[in-house]
Novice: 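First, the structure itself, so that you have it in front of you.
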Number of protein chains: 2
Amino acid sequence: MATIADVADYTGLSRATVSRVINDYPHVSKDKRRLVHEAMKELGYFPNTSARNLRNRRTDLVAVLIPRLTNPFFTLILDGIEKVAEENGFQLIICQTKSSKKKELEFLNLLQTKQVDGVIFTSIENDWEQIQPYTDHGPIILCNEYHHDATVPMVRLNQVQGSYLGTKHLIERGHQRLAYCMGSTSGLSNDRRKGFFQAVNEAGLEVKAEWIFHDTYTMEDGVKTFNKILSLTERPTAIFTGGDEVAAAMVKEAKRNGLDVPGDIAILGFDDQPIASMIEPELTTIYQPGAEIGSRAMTIFIDCLKGKRERVRQSVMELPLSLVIRKST
Amino acid sequence: MATIADVADYTGLSRATVSRVINDYPHVSKDKRRLVHEAMKELGYFPNTSARNLRNRRTDLVAVLIPRLTNPFFTLILDGIEKVAEENGFQLIICQTKSSKKKELEFLNLLQTKQVDGVIFTSIENDWEQIQPYTDHGPIILCNEYHHDATVPMVRLNQVQGSYLGTKHLIERGHQRLAYCMGSTSGLSNDRRKGFFQAVNEAGLEVKAEWIFHDTYTMEDGVKTFNKILSLTERPTAIFTGGDEVAAAMVKEAKRNGLDVPGDIAILGFDDQPIASMIEPELTTIYQPGAEIGSRAMTIFIDCLKGKRERVRQSVMELPLSLVIRKST
DNA sequence: ATGATGTTTGTAATCGATTTCATGAAATCG
DNA sequence: CGATTTCATGAAATCGATTACAAACATCAT
């Protein structure tokens, strides 16, 4: 492969001048500029990125930590990140953590070894205490995650507001007995729970303990939980779910039981995934602007890198969720 | 940041010895080895990747070209690629082409400038003629794509066999009048068409021209096409579709029209996407082993890089599709 | 003791760019 | 016209590692 020295020799100029041409610096005469361009083409020369990175102490590479590539919500975030990255000449390295603490830390090596300029987390497994030391080595942004004591910029979704919105919608449709059905008890769930009860309390409604369900992640879980709800003597007339899959499964199960949705029972999804508009009736659900938080996070990242923004100070940007009213409520 | 020279100074050893310790070479005495490790920890030293890459003439980075990050089939491929990459110490740079010829070529710059060791295409827009020159700069693998005149390894799905399988299944269920409904007229579509007619001809069935539909990509298209089918005087009893979304839309529309699936009309999906098992009735569909071709492609890539395999010779690996029988046929 | 062999370490070249500083030539100014 | 500024170019240092080669020393067989 041809190097800058080859181009210099070929043209009879110095490496410095060739470099100036490559980087389009001023103070190079028209002829030499042309001469160099011709030589580059003639020799099939391309600047070596590793050499440039070494010298420039930058790689224009960003590591994006993502739990699962096959989770559409995270690829949506990735898509948003990519858009801004592409516009600004950054490349992304994908780091699939599979929600493993160990892997997460391993990927942070990329930062220490300067293989990347910085890191964007789209989910975080370790405690902040573990992550904090790495902030010395470059910008770290939390996207779709919130850690109380994190000393970096965070972009998150306002889950409280989102589930408040959805719950209020159910109440406005006249429902008095609401079931709440969630996955884990993570920070995300807590927020949603908070929004749910905020709306419920505001309306002066009561929610019985037996109307609250946890550990409902998959479609199978959804079917099980739905049947539990059916068997209740005082049965809720609306269900707030933690995801569209679960909601879709419930709709399916409701119809199998001869119930009309939303006539007999209303079901609210979460996430506005493709399924939401594919089933009958189409799901009313809550849209999370995944691409949007990705773009925002990347924009903030770039600002940090350019020093336009403090990178080791906590800052929180919160984006609202929105209600997508369809036919299931 | 500390450099190898700092570690050398700190320990009173030479950079060479420190390097030997970093890379775990033999012929370093126990004490010095320990000494160096202590110094590295003490100084917070991490080897600089750009410097190593420059010297080693490798980056352990692979560019993966993908049309859309939000397309689940491609993220499945990506997932397969990632698995093997991770096992072998490679990182992936994602290059979203959005099916643009221009972007595709731009990303190939990464190869010329040695930012990556090679490239895996999961879709290809340009003619091979445009791509061919880049093979000089490192391994290029085609994954999920086939170009007749490409001089590189290709891993592809046997679409002919897949659609033959699906069509045969419809015929075995007793259907005599089959509708065929596809998206574009790309190579992929041609293959599927071939498999379809292979099965149809084998069974001695006739397919009327009016039972063939094109340009059916989205759910809306699916609804439209379905209604066209409904309005036919001699109506097909089974529909072979180009994707699960389209099939799902058709199922929905069939039910809306009071038709029983599969009783009145059978509908076959393609791709086995999550929706397939979420709708009622669950879709019979054709599974494409996306992760599998990804893994295979990455494995081949590594072999090429290590010189274990010719990298500028055409080779084709074909993986079979399989039928997932559910309730819609 | 001698030479052969193996271990441990260091010196210096190298990978391929960018950039500081110096220098001479050309342009501008009073 | 001399002084000053701007332009065009090159020499050489630098970024931070790896490695070929050489040298010093220890080990071992003869």
Side-chain angles (χ1 to χ4, degrees), chain A residues 1-37 39-40 43-61 89 109-117 137-138, chain B residues 1-37 39-40 43-61 89 109-117 137-138:
Chain A
M1 291 294 93
T3 71
I4 198 172
D6 297 329
V7 178
D9 291 351
Y10 188 88
T11 56
L13 295 167
S14 71
R15 309 209 302 283
T17 302
V18 177
S19 176
R20 288 191 189 101
V21 173
I22 294 169
N23 294 288
D24 213 27
Y25 285 165
H27 306 314
V28 178
S29 67
K30 277 271 177 245
D31 0 343
K32 316 265 167 176
R33 200 178 284 275
R34 198 169 35 72
L35 193 64
V36 169
H37 277 126
M40 296 200 306
L43 297 172
Y45 167 79
F46 300 95
N48 180 301
T49 304
S50 297
R52 302 182 92 165
N53 288 348
L54 173 58
R55 180 63 221 220
N56 293 333
R57 310 157 137 276
R58 289 184 322 159
T59 60
D60 294 338
L61 236 39
N109 267 319
L110 298 176
L111 188 54
Q112 294 178 317
T113 61
K114 294 273 167 247
Q115 176 148 36
V116 298
D117 291 342
H137 300 86
Chain B
M1 292 294 96
T3 72
I4 198 171
D6 296 329
V7 179
D9 291 351
Y10 189 87
T11 55
L13 295 166
S14 72
R15 310 212 299 287
T17 302
V18 176
S19 176
R20 289 188 188 103
V21 173
I22 293 168
N23 294 288
D24 213 27
Y25 284 166
H27 307 313
V28 178
S29 68
K30 277 271 176 247
D31 359 342
K32 314 266 168 174
R33 197 177 285 275
R34 195 170 38 70
L35 193 65
V36 170
H37 277 128
M40 296 200 307
L43 297 173
Y45 167 79
F46 299 95
N48 180 300
T49 304
S50 297
R52 304 182 92 166
N53 288 349
L54 173 57
R55 181 62 223 220
N56 293 333
R57 309 155 141 277
R58 293 183 319 162
T59 60
D60 295 336
L61 236 41
N109 267 319
L110 298 176
L111 188 54
Q112 294 178 316
T113 60
K114 294 272 165 250
Q115 176 149 39
V116 298
D117 291 342
H137 300 88

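Letters A, B, ... are given to chains in the order of the sequence lines, protein chains preceding strands, and every chain is numbered from 1.
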Novice: Within the 4.5 Å heavy-atom criterion, are A:I22 and A:R52 side-chain neighbours or not?
Specialist: yes
Novice: Grab the NZ-P distance between A:K30 and C:dA26 for me, whole Å please.
Specialist: 19 Å
Novice: What nucleotide, of C:dA13, C:dT18, C:dT9, holds the atom closest to the side chain of B:R15?
Specialist: C:dA13
Novice: Is there a side-chain contact between A:S14 and the phosphate of D:dT9, meaning an N or O under 4.0 Å from OP1 or OP2?
Specialist: no
Novice: Determine whether a donor-acceptor pair (N or O, by modelled atom type, separation under 3.5 Å) exists between the side chain of B:S19 and the backbone of B:R15.
Specialist: no
Novice: With a cut-off of less than 4.0 Å, is there a side-chain N or O of B:S29 near OP1 or OP2 of C:dT9?
Specialist: yes
Novice: Can you measure B:R58 atom CZ to D:dA17 atom P for me and round it to whole angstrom units?
Specialist: 16 Å
Novice: B:K114 side chain to B:H137 main-chain N or O, any donor-acceptor pair under 3.5 Å?
Specialist: yes
Novice: Let's test your reading of the pairing rules: Watson-Crick or G-U wobble, both distances under 3.5 Å, then write DNA chain C as a dot-bracket string with ( ), [ ], | and dots.
Specialist: ||||||||||||||||||||||||||||||
Novice: I need the CD-P distance between B:Q115 and C:dA17, as an integer number of Å.
Specialist: 14 Å
Novice: Would you kindly give the NE2-to-P distance between B:H27 and D:dA23, to the nearest whole Å?
Specialist: 19 Å
Novice: Roughly, in whole Å, what's the span from CZ in A:R33 to C1' in D:dC7?
Specialist: 12 Å
Novice: Please determine, for the side chain of B:R20, which listed nucleotide (C:dT9, C:dT18, C:dC15) has the closest atom?
Specialist: C:dT9
Novice: Within less than 4.0 Å of OP1 or OP2 of C:dT20, is there a side-chain N or O belonging to A:Y25?
Specialist: no
Novice: Write down the distance between CG (B:N23) and P (D:dT19), rounded to a whole number of angstrom.
Specialist: 7 Å
Novice: Between A:R57 and B:N48, is any side-chain donor less than 3.5 angstrom from a side-chain acceptor?
Specialist: no
Novice: If you pin A:P26 and B:A16 to their nearest nucleotides in DNA chain D, which one's is more 5'?
Specialist: A:P26
Novice: Is the phosphate of C:dG16 approached by A:T3 (side-chain N or O, under 4.0 Å from OP1 or OP2)?
Specialist: no
Novice: Which of these passes side-chain contact (heavy atoms from CB on, under 4.5 Å) with B:S29: B:R33, B:K32, B:H27?
Specialist: B:K32
Novice: Between the main-chain N or O of A:T3 and the side-chain N or O of A:D6, is there a donor-acceptor pair closer than 3.5 Å?
Specialist: yes
Novice: Just how far, in rounded Å, is C1' of D:dA17 from CZ of B:R57?
Specialist: 14 Å
Novice: Against B:L110, only a single residue in B:T59, B:V116, B:D117, B:L61 fulfils side-chain contact (heavy atoms from CB on, under 4.5 Å); can you say which?
Specialist: B:V116
Novice: Look only at the side chain of B:T11 and the backbone of B:V36, and say whether a donor-acceptor pair between them is shorter than 3.5 Å.
Specialist: no
Novice: Starting at atom CZ of B:R52, determine the distance to atom P of D:dT18, rounded to an integer number of angstrom.
Specialist: 5 Å
Novice: Would you say B:K32 reaches C:dT8's phosphate, i.e. side-chain N/O to OP1/OP2 under 4.0 Å?
Specialist: no
Novice: Which is true for B:N53 with a 4.0 Å heavy-atom rule: it touches a base, it touches only sugar-phosphate, or it touches nothing?
Specialist: nothing
Novice: Should A:N56 be listed as having a side-chain N or O under 4.0 Å from OP1 or OP2 of D:dC15?
Specialist: no
